[in-house]
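One structure is given here, and the rest of the page talks about it.
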Amino acid sequence: MVVLMIFSKKNAGKWVASKNGKMVESSKKLETLLKKVEKRSDRKDIWFDKVPPMNFVGGSHAV
Amino acid sequence: MQFDYTKRDWSKGVVHVPTMPVILNGFPLGHALIDTGADVTIIPMEVNKLLGLELEKSSTLSFVGAGGDIFRAVPTKKKIEYRIEQAGHRPICWKGTVFFAAGQPTILLGNYQCLDQLKITLDGKNRKLNLVKA
């Protein structure tokens with residue numbers, strides 16, 4: 001089974017749940033993702049990320 | 001502490017960016033971007049629906065992103081806890097104000113009360129970052 005890279009273009013715009021650096025679930029909404037993982041026995045080992053759109057540039061300042 | 005950069009797709013293939021795992025008021029974020037160009041830490045509003053933090057709406061600010069788009073973000077009323085953990089190291093903890101924004105595309109760690117609390121060395125060539133509490 002191929003495990004998708006967390007910050008892959010397929011995950012762009014999605015929330016991703018991962019364990020040990022590998023994706024376990026994804027969803028467009030955080031609430032839905034949390035429901036997907038809440039009953040996992042390894043829930044305490046799960047981390048969450050929001051994957052930005054492709055070609056993302058950060059940096060922002062108050063105006 | 002030392003963390004590997006995170007691999008990310010972009011149009012010309014793959015890029016490696018400096019991120020670190022951060023636990024914000026108990027919520028584990030796996031790869032928060034070290035955004036030295038950001039004034040503040042900005043988190044997607046959806047996370048606050050989970051955390052239930054009180055926001056200071058009267059202190060909402062407008063921000064301009066790298067591409068010139070303007071968006072608004074709301075600060076927390078109280079400082080929240082940042083916690084960074086790594087096996088074999090004492091956790092690094094501090095408190096700071098964060099901002100929440102609807103539609104925020106990812107988790108960005110900015111300078112105000114976040115990166116200004118840390119000493120971070122970026123080693124782009126080796127795709128690693130080194131972190132100590134300032």
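As a basis for the values below, the full set of heavy atoms in this structure was taken, side chains included, without hydrogen atoms, waters or symmetry mates. Chain A is the first sequence line, chain B the second, and so forth, proteins listed ahead of strands; every chain is numbered from 1.
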More than 12 non-hydrogen atoms from neighbouring residues, nucleotides or ligands closer than 6.0 Å to [atom1] on [X], yes or no?
{"X": "A/Lys36", "atom1": "NZ", "value": "yes"}
{"X": "B/Lys133", "atom1": "NZ", "value": "yes"}
{"X": "A/Glu38", "atom1": "CD", "value": "yes"}
{"X": "B/Glu85", "atom1": "CD", "value": "yes"}

Would [X] and [Y] show up in the same hydrophobic cluster when neighbours are defined by side-chain heavy atoms closer than 4.5 Å?
{"X": "B/Leu115", "Y": "B/Val40", "value": "no"}
{"X": "B/Leu122", "Y": "B/Leu33", "value": "no"}
{"X": "B/Ile84", "Y": "B/Tyr5", "value": "yes"}
{"X": "B/Trp10", "Y": "B/Ile34", "value": "no"}
{"X": "B/Trp94", "Y": "B/Leu131", "value": "yes"}

Is chain A contacted by the side chain of [X], its backbone, both, or neither, given a heavy-atom distance below 4.5 Å?
{"X": "B/Leu29", "value": "both"}
{"X": "B/Val15", "value": "neither"}
{"X": "B/Thr6", "value": "side chain"}

- Measure distances from A/Ile46 to the heavy atoms of chain B and classify the residue's part below 4.5 Å as side chain, backbone, both or neither. backbone

- Part of A/Val51 lying under 4.5 Å from any heavy atom of chain B: backbone

Can you confirm whether [X] sits close enough to [Y] that some side-chain heavy atom of one is under 4.5 Å from a side-chain heavy atom of the other?
{"X": "A/Asp49", "Y": "B/Ile107", "answer": "no"}
{"X": "B/Val14", "Y": "A/Phe7", "answer": "no"}
{"X": "B/Val22", "Y": "A/Trp47", "answer": "no"}

From [X] [atom1] over to [Y] [atom2], what is the distance, rounded to the nearest 0.5 angstrom?
{"X": "B/Asn48", "Y": "A/Leu30", "atom1": "CG", "atom2": "CG", "value": "11.5 Å"}
{"X": "B/Arg8", "Y": "A/Lys9", "atom1": "CZ", "atom2": "NZ", "value": "14.5 Å"}
{"X": "B/Ile42", "Y": "A/Ser60", "atom1": "CD1", "atom2": "OG", "value": "3.5 Å"}
{"X": "B/Glu46", "Y": "A/Leu33", "atom1": "CD", "atom2": "CG", "value": "10.0 Å"}
{"X": "B/Ile43", "Y": "A/Lys50", "atom1": "CD1", "atom2": "NZ", "value": "11.0 Å"}

- Can you name the closest pair of heavy atoms from B/Asp9 and A/Met5 and give their distance? OD1-CE, 3.3 Å

- Does the pair B/Val17 and A/Phe56 meet the rule for a side chain to side chain contact (heavy atoms under 4.5 Å, CB included), with working shown? CA-CA 11 Å; B/Val17 298; A/Phe56 178 75; over 6 Å; no

- Item | For chain A, which residues of residues 60-81 of chain B have heavy atoms nearer than 4.5 angstrom | B/Leu61, B/Ser62, B/Phe63, B/Val64, B/Gly65, B/Ala66, B/Phe71

- Determine the interplanar angle of the A/Phe48 and B/Phe27 rings, folded into 0 to 90°, and report it as parallel if under 30°, tilted if 30 to 60°, perpendicular if over 60°. parallel

